[in-house]
Protein chains: 2
Amino acid sequence: MTFKLDEFLPYRLSVAAAQISRRFASIYAAEAGLTIPEWRVLAHLAQSAEVSVRDIQARVNLDKSMVSRAATQLEEEGYVSKSGHGTDRRLIVLQLTPKGIALMQRLAPLAEQFQQQILTELGPDAEALARALDRLAQKNA
Amino acid sequence: MTFKLDEFLPYRLSVAAAQISRRFASIYAAEAGLTIPEWRVLAHLAQSAEVSVRDIQARVNLDKSMVSRAATQLEEEGYVSKSGHGTDRRLIVLQLTPKGIALMQRLAPLAEQFQQQILTELGPDAEALARALDRLAQKNA
DNA sequence: CTCATACCGTTGCATATGCAACGAATGTGC
DNA sequence: GCACATTCGTTGCATATGCAACGGTATGAG
């Protein structure tokens with residue numbers, strides 16, 4: 001039996017990602033009581049202004065039901081507003097409220113700081129990791 | 001608002017890992033009807049001979065309840081045997097049955113082939129990615 | 001020896017997740 | 001203009017997941 005799980009790339013990638021997600025999740029959970037899907041939707045809106053549920057779903061690798069529920073939750077908490085699209089009434093336009101913008105301004109530095117810490121841990125291989133993730137994202141598009 | 005989710009490392013790592021896991025999961029699901037925890041337990045036993053639930057839990061970043069359920073399922077399917085530990089009767093010794101070994105001999109080449117495909121997609125950055133994952137694993141130990 | 005404490009694996013339970021179906025709306029072929 | 005297929009977001013539901021508590025066992029202090 002020659003197979004070594006410890007040397008299997010998909011496995012190691014999965015473990016590393018889960019651990020890092022968990023570490024960071026504890027940060028924004030403590031700071032704002034957000035779940036992972038909520039954080040992603042919020043952060044995506046911060047970079048994309050006005051988007052539909054479908055736009056987020058496509059980019060974030062999150063089921064649309066999850067995006068929908070996260071958006072509803074964020075709306076109830078006052079961070080996000082939902083409005084109808086002008087010409088296509090199937091679409092919903094999501095955007096941050098002032099309160100949502102304020103929250104992101106509080107969270108962005110924490111995210112930046114966390115990322116910086118990871119980059120430091122990675123050292124010289126950080127750049128190659130970034131390129132590798134780009135390649136994987138493209139191949140799975 | 002300057003935060004860019006697309007450039008946020010934890011997020012990109014998580015998306016990439018989820019996509020790859022999903023791709024590979026479809027392979028062993030089709031081949032043997034295994035779930036992700038089952039695959040991990042099986043693969044871990046393939047490299048570690050006799051281990052307890054706790055050993056697996058510690059290495060695989062999987063809740064012990066999940067390991068326990070996966071082990072029970074694998075036992076029912078005849079891939080794994082459970083036996084009592086000689087001196088410490090709290091422990092359970094898990095090991096592959098001949099049927100389990102045969103299954104791993106069938107799956108290992110598929111895993112190898114899949115990994116090879118990923119490495120090809122990654123190109124020259126594959127090595128750096130491996131080193132980066134090593135560093136992350138150490139930091140989170 | 002005895003009691004308190006810690007550990008192991010299992011199980012119950014509340015929550016999270018993903019798939020499928022649905023109503024509403026739009027687009028398409030004829 | 002009209003059926004028919006497709007898309008959007010929501011919701012129902014079955015399953016997966018993670019935490020906490022439990023019974024059983026071992027360990028350590030006194």
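Here is the naming used below: chain letters follow the sequence lines, and residue numbers restart at 1 for every chain.
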Using whole Å, report how far [atom1] of [X] lies from [atom2] of [N].
X     : N      : atom1 : atom2 : result
B:H85 : D:dT27 : NE2   : C1'   : 15 Å
A:Q73 : D:dT11 : CD    : P     : 13 Å
A:E38 : C:dT15 : CD    : P     : 15 Å
B:M66 : D:dC19 : CE    : C1'   : 11 Å
B:L62 : C:dG9  : CG    : C1'   : 14 Å
B:D63 : C:dT15 : CG    : P     : 17 Å

Please check this pair: side chain of [X] against backbone of [Y], looking for a donor-acceptor N/O pair closer than 3.5 Å.
X     : Y      : answer
B:S26 : B:R23  : yes
A:R12 : B:D134 : no
A:S68 : A:K64  : no
B:R40 : A:L5   : no

> Partners of B:Y28 by ring-ring contact (aromatic ring centres under 6.0 Å, His included), sequence neighbours excluded?
Replying inline: B:F24, B:W39

>> Quick test of your reading of the model: are A:D6 and A:K4 salt-bridged, counting only N-O distances below 4.0 Å?
In response: no

> Once each nucleotide of nucleotides 4-10 of chain D is scored for protein heavy atoms under 4.0 Å, what B/S/- sequence comes out, 5' to 3'?
Replying inline: ---BSBB

> Can you check whether B:R89 has a side-chain N or O nearer than 4.0 Å to OP1 or OP2 of D:dA26?
Replying inline: yes

